[in-house]
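Since we're looking at a predicted model, the values are computed, not measured.
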Amino acid sequence: MGKDTIADIITLIRNADMNRKRTVQIPLTNIIENIVKILLREGFVENVRKHRENNKYFLVLTLRYRRRSSKTFLNLKRISTPGLRIYSNYQRIPRILGGMGIVILSTSRGIMTDREARLERIGGEVLCYIW
């Protein structure tokens with residue numbers, strides 16, 4: 001795990017999906033837990049549970065099952081990095097695939113999706129795209 005924990009978990013989930021792994025274990029932080037809750041709520045992840053091992057907490061994600069498809073189910077892309085932060089107001093939040101995908105934002109009211117941010121009329125840091 002490097003200094004960019006969000007990019008690390010996105011890579012862990014993407015690699016598990018490409019290798020057709022059913023579960024993936026990621027270290028637990030508050031930001032990661034909020035992002036995973038959004039993934040669960042939006043239907044990109046089937047199940048989430050907390051796991052403790054040697055006084056360290058992990059989240060075990062059960063990815064959605066795909067039937068013999070050669071394409072990956074999840075497409076994740078990190079946008080804002082520690083070296084280049086990308087901010088957007090609520091009017092300029094991008095729409096992914098015409099609203100089919102989601103944008104995860106870090107706002108003053110917590111981590112939320114693009115739809116929630118538009119409803120509350122607040123902008124923030126664009127963390128990642130998921131479609």
Side-chain angles (χ1 to χ4, degrees):
M1 298 297 273
K3 293 184 180 188
D4 190 4
T5 57
I6 297 172
D8 290 341
I9 66 126
I10 286 174
T11 302
L12 285 171
I13 294 171
R14 186 185 312 119
N15 289 343
D17 187 49
M18 284 192 312
N19 290 324
R20 293 185 171 91
K21 300 288 184 192
R22 188 81 170 124
T23 61
V24 62
Q25 183 174 337
I26 57 175
L28 178 64
T29 62
N30 288 334
I31 293 174
I32 301 305
E33 186 175 17
N34 290 328
I35 291 174
V36 168
K37 283 180 185 177
I38 290 174
L39 290 175
L40 181 65
R41 189 175 62 227
E42 295 290 327
F44 291 105
V45 175
E46 194 172 293
N47 190 14
V48 177
R49 64 182 166 87
K50 286 185 183 177
H51 177 68
R52 182 178 176 191
E53 187 176 299
N54 297 334
N55 292 330
K56 292 184 180 179
Y57 287 93
F58 295 95
L59 287 176
V60 178
L61 307 178
T62 305
L63 302 177
R64 281 186 63 185
Y65 179 70
R66 298 173 291 137
R67 296 185 191 265
R68 298 183 203 154
S69 173
S70 61
K71 297 190 89 176
T72 58
F73 176 73
L74 282 172
N75 291 309
L76 301 111
K77 184 177 181 186
R78 177 78 160 122
I79 302 301
S80 184
T81 61
L84 179 64
R85 303 287 186 185
I86 306 295
Y87 296 96
S88 177
N89 63 7
Y90 77 94
Q91 296 150 332
R92 296 188 183 205
I93 297 172
R95 293 184 194 273
I96 306 303
L97 293 177
M100 296 289 289
I102 62 170
V103 177
I104 296 181
L105 296 139
S106 176
T107 66
S108 59
R109 297 185 190 155
I111 294 178
M112 59 180 62
T113 64
D114 55 339
R115 287 179 225 122
E116 295 167 345
R118 282 189 198 99
L119 284 175
E120 295 190 24
R121 293 180 164 228
I122 54 173
E125 181 182 354
V126 179
L127 296 178
C128 60
Y129 298 159
I130 301 169
W131 70 96

Which pair of non-hydrogen atoms, one from Phe44 and one from Arg64, has the smallest distance, and what is that distance? O-CG, 3.9 Å
Looking only at heavy atoms, what is the nearest atom pair of Ile32 and Pro27, with distance? CG2-O, 3.9 Å
Between Tyr90 and Ile122, which heavy-atom pair has the shortest distance, and what is it? CB-O, 3.5 Å
With a 4.5 Å limit on heavy-atom distance, are the side chains of Arg14 and Asp17 in contact? no
Side-chain heavy atoms under 4.5 angstrom apart, residues restricted to Ile, Leu, Val, Met, Phe, Trp, Tyr: same cluster for Leu84 and Ile93? yes
Does one hydrophobic cluster hold both Met100 and Val126, with members joined at side-chain heavy-atom distances below 4.5 Å? yes
Would you say CZ of Arg95 has more than 12 non-hydrogen atoms from neighbouring residues, nucleotides or ligands within 6.0 angstrom? no
Considering only heavy atoms from C-beta outward, does the side chain of Lys37 approach that of Leu40 to under 4.5 Å? no
Distance check, rounded to the nearest 0.5 Å: Leu12 atom CG versus Ile26 atom CD1? 7.0 Å
Going from CG on Leu28 to CZ on Arg52, what distance comes out if it is rounded to the nearest 0.5 angstrom? 12.0 Å
So, for Tyr129 and Pro94, which heavy atoms are closest and what is the spacing to 0.1 Å? OH-CG, 3.2 Å
Should Ile31 and Tyr57 be counted in the same cluster of Ile, Leu, Val, Met, Phe, Trp and Tyr side chains packed under 4.5 Å apart? yes
Scan the side chains in residues 101-112 for donor-acceptor partners under 3.5 Å anywhere in the protein, sequence neighbours excluded, and list what turns up.
| residue | atom | partner | partner atom | Å |
| --- | --- | --- | --- | --- |
| Thr107 | OG1 | Arg109 | N | 3.2 |
| Thr107 | OG1 | Gly110 | N | 3.4 |
| Thr107 | OG1 | Gly110 | O | 2.6 |
| Arg109 | NH1 | Glu120 | OE1 | 2.8 |

Please report the shortest heavy-atom distance between Arg41 and Glu116, naming the atom on each side. NH2-OE2, 2.9 Å
How about Leu76 and Arg78: do any of their side-chain heavy atoms sit closer than 4.5 Å? no
Is Trp131 reachable from Ile86 through a run of I, L, V, M, F, W or Y residues, each pair having side-chain heavy atoms under 4.5 Å apart? yes
CG-CZ distance between Asn89 and Arg118, expressed to the nearest 0.5 angstrom: 10.5 Å
Leu63 CG to Asn47 CG distance, which is reported to the nearest 0.5 Å: 11.0 Å
Within a strict 4.5 Å, meaning less than it, do heavy atoms of the Arg49 and Leu59 side chains meet? no
Partners passing side-chain contact (heavy atoms from CB on, under 4.5 Å) against Val45 (at least two apart in sequence or in another chain): Leu39, Val48, Leu61
To the nearest 0.5 angstrom, please state how far the CD1 atom of Ile79 sits from the CD1 atom of Ile6. 12.0 Å
Cluster check Ile96, Ile10: I/L/V/M/F/W/Y, side chain < 4.5 angstrom: no
About how many Å separate OG1 of Thr81 and CG of Leu127, when rounded to the nearest 0.5 Å? 11.0 Å
